[in-house]
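Right, one structure below, let's go through it.
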Amino acid sequence: MGYHRSKNRIDAAQAWAMFVAANRKSVEAAKLPPEVTESIEHWDDFLKHGGVIQNCTATGDAVDQLSETQYAALLQFVESYFARGYEYFTPVVLRAEDFQRLDMRYIT
């Protein structure tokens with residue numbers, strides 16, 4: 001029996017790929033590992049846990065190693081993500097003042 005992905009999953013994957021491509025400059029400037037933006041599920045894991053969850057193992061402590069320029073690019077990409085209408089949650093990978101500002105913007 002073959003694996004069949006639903007049309008909704010395919011559409012969501014295509015929308016994610018287009019979003020990442022549209023924000024390519026921020027993604028490249030942040031210099032995150034490629035698996036972070038490989039899928040929306042990986043991106044959400046990264047925002048929620050600080051790494052990509054694969055086989056119950058967190059990979060990457062990328063945020064702690066970012067320069068100020070890379071962090072600014074990450075923050076820009078995160079803001080674009082939520083501004084695009086993806087479901088808001090508090091991203092733990094951001095500094096407290098940044099996620100508090102996002103909370104004020106998206107939880108009102």
Side-chain angles (χ1 to χ4, degrees):
M1 176 181 343
Y3 176 73
H4 179 63
R5 290 180 17 175
S6 73
K7 175 133 173 63
N8 289 345
R9 285 186 59 94
I10 292 169
D11 290 347
Q14 289 173 340
W16 175 249
M18 289 175 24
F19 174 76
V20 171
N23 289 278
R24 179 183 50 80
K25 287 183 182 181
S26 295
V27 172
E28 289 175 354
K31 297 184 181 175
L32 298 172
E35 62 270 9
V36 169
T37 57
E38 182 177 290
S39 70
I40 193 165
E41 292 83 9
H42 285 192
W43 176 247
D44 285 347
D45 280 346
F46 176 74
L47 291 180
K48 291 176 184 176
H49 308 288
V52 176
I53 307 300
Q54 294 178 334
N55 301 324
C56 301
T57 309
T59 62
D61 296 315
V63 176
D64 294 336
Q65 299 171 20
L66 297 179
S67 69
E68 286 300 314
T69 301
Q70 291 170 303
Y71 180 82
L74 170 65
L75 181 58
Q76 182 178 4
F77 187 62
V78 171
E79 288 180 349
S80 295
Y81 175 70
F82 292 123
R84 175 67 173 85
Y86 287 102
E87 184 176 349
Y88 182 74
F89 56 86
T90 301
V92 301
V93 298
L94 300 181
R95 296 176 183 148
E97 63 271 13
D98 293 324
F99 73 68
Q100 288 171 352
R101 184 175 47 77
L102 288 175
D103 280 353
M104 290 176 59
R105 181 174 177 189
Y106 292 104
I107 298 183
T108 57

Heavy-atom closest pair, residues [X] and [Y]:
X	Y	result
A73	A30	CB-N, 3.5 Å
E87	F82	O-CE2, 3.4 Å
E35	H42	O-ND1, 2.8 Å
A83	R105	CB-NH2, 4.3 Å

Aromatic ring proximity F77/W43, centre distance under 6.0 Å = yes
Ring centres under 6.0 angstrom apart (Y86, Y106) =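 That pair fails the under 6.0 Å test.
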At what distance, to the nearest 0.5 angstrom, does [atom1] of [X] lie from [atom2] of [Y]?
X	Y	atom1	atom2	value
D11	R9	CG	CZ	12.0 Å
R84	W16	CZ	CH2	11.0 Å
I107	Q100	CD1	CD	11.0 Å
L94	D103	CG	CG	10.0 Å
R24	T37	CZ	OG1	12.5 Å
D45	E38	CG	CD	11.5 Å

key: Side-chain touch P91/Y81, heavy atoms, less than 4.5 angstrom   = no
query = Cation over ring, R95 on Y71, under 6.0 Å and within 45°?
reply = yes
inquiry  = Tell me which one of T90, V92, V36, V78 satisfies side chain to side chain contact (heavy atoms under 4.5 Å, CB included) with L47.
reply    =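 For L47, the side chain to side chain contact (heavy atoms under 4.5 Å, CB included) check succeeds only for V78.
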query = Is the count of non-hydrogen atoms from other residues, nucleotides or ligands lying under 6.0 Å from E97 atom CD greater than 12?
reply = yes
request  = With sequence neighbours excluded, tell me which residues meet salt bridge (Lys or Arg N to Asp or Glu O under 4.0 Å) with R101.
outcome  =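 Salt bridge (Lys or Arg N to Asp or Glu O under 4.0 Å) list for R101, sorted by chain: E79, D98.
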query = Are V27 and L32 close enough, and set up right, to give a side-chain contact (heavy atoms from CB on, under 4.5 Å), and what steps lead you there?
reply = CA-CA 7 Å; V27 172; L32 298 172; 5.8 Å; no
